> 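The following block contains the structure, expressed as structure tokens.
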Amino acid sequence: MPRNAPSKDIDTSNNERLMRYLQDLHQADHPDPSPEHAASRFHTGRVPNGRQSGNKPRLMLMGQRRSGKSSISGVVFHKLPPSETLYLETTTQISQSSMHSFMDFQIAELPGHIDFFSPDFDQADIFGNIGAVIWIIDAQDQYLDALTQLLNTITYLAQEWPNINVEVFVHKVDGLSEDFKNDTFRDIRQRIQDELSDLGYDNAPVSFHQTSIYDHSIFEAISKVIQKLLPQLPTLESLLNSLCSSCRIQKAYLFDILSKIYIASDTSPQDTTSYEVCSDLIDVVVDVGEIYGWARPPVDGKTGDQRTEFNNHACESMVTMEKKGHKYLYLREMNSYLALVCIMSDDNPMERKVLIDYNVGVFQEALSKVFQWK
Amino acid sequence: MMSTGSSSKRQKQRKVLLMGKSGAGKSSMRSIVFSNYVAKDVRRLGATIDVEHSNIRFMGNLMLNLWDCGGQDGFTESYLTHQRSHVFASVAVLIFVFDVESREFNADLINYASIIRALYEHSPGAKIFVLIHKMDLIASQHRTSMFNERSEHIRQVSHDEGFGGKGEGRGKEVEFWGTSIWDQSLYKAWTRVIYFLVPNAGVIEGLLRQLADVVEAHELILYERTTCLMVTHISRPYETEGNKHPDRFEKLSAILKAHKQSVAKHTGMPAGSANFAELQIKTGEFMFLITRLTENTNLAVVLPSGEARYNAARINIALAREQFGELDIPTGKSVQRDRAAEAAMTSRSYDPKMYEEMMRRHQDEDGERVGSSYG
């Protein structure tokens, strides 16, 4: 027996080798799937600075010095109270920060004094992975210089990085009167568009927003910027639309809880107050949750199993108004990052509660398929 | 149970004087607490001329009669001379506001001394709350020392004028609070004032404690609906010890106030009437419900999670409304009535049979699907 043993070994190893050869055979004609080969030799179907890179929306804040770049990134991404932004120091170098949230946003800030055209800078490094450039103009200041710079930037980007969206924020509009605000906004947009069409860039991806850090407008504007970078947006919108029609929801938002940016809403007409009231409801829920959401010791053995009896670990909230004929608000947590917030068009929430629960459940399932959650 | 006696129950109006130097922030404070202003809107306020009165109805028979006294020297002079007995008679509480940034602290002290001297003459039983205001303007590391230093000076002056200290016929001890309109410290101080003024706090707390037992709540918070100021709260010992937020009541006031403003803005209603009928937050760890209890108060309930317990609590609170409503009508026999109310409450507790019956009754009442759960 001991003598036979080695020959048997050889047999099995040969068999194994053969099997492995056969298994690998169908890959033989295909390139090595490792990324460096794929990138160098084969067409990947992706533009070099495509919006998909890393699946992280990356934003670049640009604008003249003291236009409010650091304030915006502070208020939106670091939860800085707007009144504290007065004390921010001038940013001197390109700074990057990321936000661990649903999308893992990355925000880079290019200080106003840096001339990125100069050969000292590696443009590919700066703009390589950017999805959108946010250009901030101080509406309370002389903006003609800023417009020239902005034009240069747009034309440069349109030539070199045509996939980058340019979002112009006409910022600090809170200090202007309603008329003057609209005039300024129109003036800036008109000048830019005229210049662009003179230069032959009619189709440059440029859009304009009025913003201020002292109200919700900055969050709304950033939401729209982020939405443009989301490939899933049309799917989400149609999902929300069908949810709205089946549950008689007036307006539905899908919020990123941490940043209070909404990544999608149904396609019915927008108005700022709806966004505000929904985003304020998130504040209430998060704040109350912070105060009372601590693990209490079990009392008389009553907690433990009763706690999970209805399996409702997802947070749910509802606010009904005292006066008849006013809408009520509904909030439901989708996962730890996302929440659905709706303005309902019914008076009595209880009648449709079951229907809403069911449909929201379906919506949640669809979401998890869209984003491939486990 | 604290018994304040029926004499205080009959006294419906409680006079509260709000005084202090011109520009100290009295009217800003009042507008935020009582008139739904947000902190940044107070810039629009002008100087108060003479005295502005406002009446606020609170829980039970408490009617707050707030005198916002303009603080310019001319007015103060007239309060102390020919209006002296008119202003300082039958005062329950004096709220005196010091501006922490004031450059003439000694002049402020003299002004304060002459005012409390007049107060001691006409209403020696009054309680004084001293608010050291605009604390946000002091760097945070100096706040405590600054507050202690100022309050020590003021306490000395108060003692000299007969308020606080030991001895026969001395006035009540003065309380000190550091406040700012930009955070919840304002609510903290005012909550203290309200609690001092509520005449039947003991009765209310007794009833609430029973309600808390019946609904198995972690915590109950009773607050006034327009000001969002807490009247009182009932907490389980583990909640008091374990909760990491000892300042949660003021925080809640601030949160609810902010929410009220946002809803008012959205619906276009005046902020005073933008009240929600019910606010519920359900999570896996706790359930939170705010609903109306009496005409002027809301009850916030923190419950362990569980749909059945939640619905039972909702019904129990609806049933308890009647008892609490009776507290609103001051009668000579109210103490007896409270006893009866308590007896009625104790008979009701969370047992399945009662629960079913209540559910049925509730369903009959408004046709809501109380028993529906989701999952």
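Source: prediction; values computed, not measured.
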> Side chain, backbone, both or neither: which part of A:S274 has an atom under 4.5 Å from a heavy atom of chain B?
both

> Starting at CD of B:E278, measure out to OG1 of A:T320 and round the result to the nearest 0.5 Å.
5.0 Å

> Counting only heavy atoms from other residues, nucleotides and ligands, does the tally under 6.0 Å from CD of A:Q250 exceed 12?
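Count over threshold, so yes.
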
> Looking at every heavy atom in both A:V319 and B:F276, which two are closest together, and how far apart are they?
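Here A:V319 and B:F276 meet closest at CG1-CB, 3.7 Å.
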
> Using 0.5 Å steps for rounding, measure from the CZ atom of B:F288 to the CD1 atom of A:I291.
8.0 Å

> Look only at the side chain of B:S262 and the backbone of A:D280, and say whether a donor-acceptor pair between them is shorter than 3.5 Å.
no

> Roughly how far, to the nearest 0.5 Å, is CD of A:E333 from NZ of B:K282?
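Here the interatomic distance stands at 14.5 Å.
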
> Tell me if the CD atom of A:E365 is crowded by more than 12 foreign heavy atoms within 6.0 Å.
no

> Please look at B:V302 and chain A and tell me whether the side chain, the backbone, both or neither of the residue comes under 4.5 angstrom of a heavy atom of that chain.
side chain

> Can you name the nearest heavy-atom pair linking B:E285 to A:G293, along with the distance?
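Taking every non-hydrogen atom into account, OE1-O, 3.6 Å.
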
> At a heavy-atom distance under 4.5 Å, which candidate from A:V285, A:I343, A:V277 has the highest pair count against chain B?
A:V277

> Taking every heavy-atom pair that is under 4.5 Å apart, which of B:L279, B:N243, B:L256 has the most such pairs with chain A?
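So the answer, after comparing B:L279, B:N243, B:L256, is B:N243.
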
> Looking at every heavy atom in both B:H245 and A:E290, which two are closest together, and how far apart are they?
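Residues B:H245 and A:E290, closest heavy atoms: NE2-O, 3.3 Å.
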
> Around atom NZ of B:K188, are there more than 12 heavy atoms from other residues, nucleotides or ligands closer than 6.0 Å?
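Atom NZ in B:K188 is not packed in, count stays at 12 or less.
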
> How long is the gap from CD on A:E316 to CD on B:E307, to the nearest 0.5 Å?
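So the CD of A:E316 and the CD of B:E307 are separated by 7.0 Å.
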
> Would one find more than 12 heavy atoms of other residues, nucleotides or ligands at under 6.0 Å from atom NZ of B:K265?
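No.
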
> Would one find more than 12 heavy atoms of other residues, nucleotides or ligands at under 6.0 Å from atom CZ of B:R321?
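Check passes, neighbour count above 12.
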
> So with a 6.0 Å cut-off around OH of B:Y37, is the heavy-atom count from everything else above 12?
no

> Around atom CZ of A:F180, are there more than 12 heavy atoms of other residues, nucleotides or ligands at under 6.0 Å?
no

> Hey, could you give me the NE2/CG distance between B:H259 and A:L329, rounded to the nearest 0.5 Å?
6.0 Å

> Need one label for B:R236: side chain, backbone, both or neither, based on atoms under 4.5 Å from any heavy atom in chain A.
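Contact with chain A: none, neither part.
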
> Checking side chain to side chain contact (heavy atoms under 4.5 Å, CB included) for the pair B:L252/A:D287: CA distance, chi angles, key distance, verdict?
CA-CA 8 Å; B:L252 203 62; A:D287 289 345; over 6 Å; no

> Could you tell me whether a side-chain N or O of B:H218 sits under 3.5 Å from a main-chain N or O of A:Y292, the two making a donor and an acceptor?
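A pair under 3.5 Å: no.
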
> Side chain, backbone, both or neither: which part of A:L331 has a non-hydrogen atom closer than 4.5 Å to chain B?
neither

> Counting only heavy atoms closer than 4.5 Å, note whether B:E239 contacts chain A via side chain, backbone, both or neither.
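Contact with chain A involves both backbone and side-chain atoms of B:E239.
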
